[in-house]
Amino acid sequence: MLNRKFKLSKSANRLVHYLNTKLNEEIGYPDQPSWGYAFSYLLAKQSDSIEFKELAEKSVIHLKRQDNSHPNYSWEFVVFALQKLKKQNRLDKMDVLDGYHEKGTRMFNWFLLRNINKIFCGKFSAFDKYKLYIGLFLFQNKDGLILDEFKTRSLQYHAFCLFILAHIIEKQPDNKILKKHFLEGVKCAISYILEDGSAIYIGRGQEQIFGYGSLIYALEFCHSRIEKLDERILNKLVDKVTSLQREDGSYPLVLRTRQPEDNDVCFKSNHPDGWYGYNTLYDYQPFLGYCLFMAGTFK
């Protein structure tokens, strides 16, 4: 276990070093993210080391420069990052960005994000709890798989839903209903992990780091706070991911050993295999960094 935690921490620190070198104080990241500045800030505020501080200072500058009045501004992710920091007493003054906002995307993972954000902001009502329970009843299959939309399986978005549920359970540790849904989802996710650690190979987002980061966070949270899991499975999942980190500390957006992804690609210019139009390295790499760093702190 100690070796796995060391790997997670080391990988997160190497990724922070890379992100700090890529984030230019004047122009930002090479490919402009949607919510990546918020998650870079969230990641960077987890430590007081020099590189983390530098990344935090630059991230918040560009976060404040983004046009939050745009209809496609990803409020749910930004609110999550900032409110998580606020609960950790690590949030600097944000004015208009502080508080509850939503874009309203109608996918189940966004619905769950709005729920944790309402909890963070003290706006989670009895009616919201009722809707959350109904949503989980409707969108979770009998085998534990959480759907992002009806009749569509995605192991990546199943993992991200578990990531959010872990944060909700952290705020509501006595909620037995949520724990039941979460554990069913964890056991489902584990059943899909292959011998080489591959785990995100069905549906939208196959083999993307967004799903792997979510899954590592959720499983390590479960192992630490709720129910012990098979460490052999946890080890092979972490080994699969960290083995594909590049020498410069970066990660490809899609993890594969055959024909590996080139560095610093973007959808608009390169149309890399396995990417969607909304994918950017500088949303998903900071998210992965947060997941790895936090998973490394779970006892």
Side-chain angles (χ1 to χ4, degrees), residues 1-19 36 38-47 49 52 55 77 80-81 84-85 87-88 90 109 112-113 116 155-171 173 179 182-183 185-190 192-193 197-200 205 207-245 249-251 253 255 283-299:
M1 179 178 178
L2 291 175
N3 185 46
R4 186 175 73 253
K5 297 296 184 180
F6 175 77
K7 286 180 180 179
L8 289 167
S9 178
K10 182 180 178 181
S11 179
N13 278 272
R14 291 179 62 207
L15 185 49
V16 166
H17 170 77
Y18 173 79
L19 291 171
F39 264 82
S40 295
Y41 186 53
L42 172 61
L43 166 60
K45 292 290 281 186
Q46 301 307 311
S47 171
S49 67
F52 279 72
L55 181 61
F77 284 88
F80 174 90
K84 177 65 178 179
L85 282 173
K87 294 301 178 185
Q88 296 175 327
R90 292 174 178 164
N109 76 89
L112 288 178
L113 261 181
I116 183 57
L155 293 180
Q156 167 154 283
Y157 286 95
H158 171 71
F160 182 55
C161 288
L162 293 178
F163 166 89
I164 305 168
L165 286 176
H167 284 84
I168 296 176
I169 291 169
E170 186 175 38
K171 300 301 295 179
K179 284 185 178 179
F182 178 72
L183 278 171
V186 163
K187 290 172 182 176
C188 175
I190 287 174
Y192 282 99
I193 299 176
S198 296
I200 309 292
E207 294 300 281
Q208 292 188 353
I209 55 175
F210 183 73
Y212 277 104
S214 298
L215 186 59
I216 288 173
Y217 184 100
L219 297 190
E220 294 290 348
F221 175 87
C222 182
H223 184 63
S224 172
R225 309 281 180 86
I226 299 179
E227 183 178 294
K228 294 299 181 185
L229 304 175
D230 185 342
E231 295 220 24
R232 187 183 66 88
I233 294 174
L234 299 178
N235 289 336
K236 67 183 181 182
L237 175 64
V238 170
D239 287 346
K240 149 86 177 188
V241 174
T242 56
S243 70
L244 293 170
Q245 188 170 22
S250 69
Y251 273 93
L253 194 141
L255 299 181
D283 284 332
Y284 283 13
Q285 287 191 112
F287 177 83
L288 175 64
Y290 169 74
C291 292
L292 297 179
F293 186 93
M294 297 304 293
T297 66
F298 294 146
K299 303 299 182 184

* Asked: Ile168 versus Phe182: any side-chain heavy-atom pair under 4.5 Å?
  -> no
* Structure fact -> Closest non-hydrogen atoms of Gly197 and Lys240, given as atom of the first, atom of the second and distance, are O-CG, 3.7 Å
* Locate the shortest heavy-atom distance separating Ile200 from Gly205; write the atom from each residue and the value. => CG2-O, 3.5 Å
* Structure fact -> Applying salt bridge (charged side-chain N to carboxylate O under 4.0 Å, His left out) to Lys236 and not counting sequence neighbours gives Glu195
* Asked: After noting the C-alpha distance and the side-chain angles of Lys45 and Gln88, does the key distance pass the side chain to side chain contact (heavy atoms under 4.5 Å, CB included) rule?
  -> CA-CA 10 Å; Lys45 292 290 281 186; Gln88 296 175 327; 5.9 Å; no
* From CD1 (Ile209) to CG (Leu15), nearest 0.5 Å -> 7.5 Å
* Verify the neighbour count for atom NZ of Lys299: are there more than 12 heavy atoms of other residues, nucleotides or ligands below 6.0 Å? => no
* Nearest-0.5 Å distance, CD1 of residue Ile190 to NZ of residue Lys187 -> 8.5 Å
* Nearest 0.5 Å please: distance from the CG atom of Leu253 over to the CD atom of Gln208. => 5.0 Å
* By side chain to side chain contact (heavy atoms under 4.5 Å, CB included), which residues pair with Phe6, not counting sequence neighbours? -> Lys10
* To do: Would you please name every residue forming a ring-ring contact (aromatic ring centres under 6.0 Å, His included) with Phe293, sequence neighbours left out?
  => Phe52
* Residue pair Gln46 / Met294: nearest heavy atoms and the distance that separates them -> OE1-SD, 3.6 Å
Would you be so kind as to tabulate the donor-acceptor pairs closer than 3.5 Å made by side chains of residues 215-222, with sequence neighbours excluded?
from   : atom 1 : to     : atom 2 : distance (Å)
Tyr217 : OH     : His167 : NE2    : 3.1
Glu220 : OE1    : Arg4   : NH2    : 3.3
Glu220 : OE1    : Lys5   : NZ     : 3.0
Glu220 : OE2    : Arg4   : NE     : 2.6

* If you look at every heavy atom in Pro286 and Ser40, which pair is closest and at what distance? -> CG-OG, 3.2 Å
* To do: Output all residues satisfying side chain to side chain contact (heavy atoms under 4.5 Å, CB included) with Ser224, sequence neighbours left out; order by chain, then residue number.
  => Phe298
* Minimal non-hydrogen separation, Gly211 against Ala159, with atom names -> O-CB, 3.6 Å
* Counterpart residues, salt bridge (charged side-chain N to carboxylate O under 4.0 Å, His left out), relative to Arg225 (two or more places apart) -> Glu170
* Calculate, to the nearest 0.5 Å, the distance between atoms CG and OG belonging to Leu244 and Ser250 respectively. => 11.0 Å
* To do: Output all residues satisfying side chain to side chain donor-acceptor pair (under 3.5 Å) with Thr242, sequence neighbours left out; order by chain, then residue number.
  => none
* Mind checking side chain to side chain donor-acceptor pair (under 3.5 Å) for Ser49 and listing every partner two or more places apart, or none if nothing turns up? => Ser47
* For Phe287, ring-ring contact (aromatic ring centres under 6.0 Å, His included) partners two or more places apart -> Phe39, Phe160, Phe163, Phe210
* To do: Would you indicate whether the side-chain heavy atoms of Gln156 and Ser214 approach each other to under 4.5 Å?
  => no
* Structure fact -> The reported gap from CG in Leu155 to OG in Ser198 (rounded to nearest 0.5 angstrom) is 11.0 Å
* Asked: Side-chain contact, heavy-atom cut-off 4.5 Å: Lys179 with Glu227?
  -> no
* With Asp239, which residues qualify under side chain to side chain donor-acceptor pair (under 3.5 Å), at least two apart? -> Lys7
* **Test side chain to side chain contact (heavy atoms under 4.5 Å, CB included) applied to Ile164 and Phe80, step by step** => CA-CA 10 Å; Ile164 305 168; Phe80 174 90; 5.8 Å; no
* To do: Find out whether Ile226 and Val186 are in side-chain contact, i.e. whether some heavy atom of one side chain is under 4.5 Å from a heavy atom of the other.
  => no
* To do: Compare every heavy atom of Gly36 with every heavy atom of Asp283, then report the nearest pair and how far apart it is.
  => OD1-N, 2.7 Å
* Structure fact -> Sorted by chain and number, sequence neighbours left out, side chain to side chain donor-acceptor pair (under 3.5 Å) with Arg14 holds for Gln245
* **Side-chain donor or acceptor of Tyr212 paired with backbone N/O of Leu288 under 3.5 Å** => no
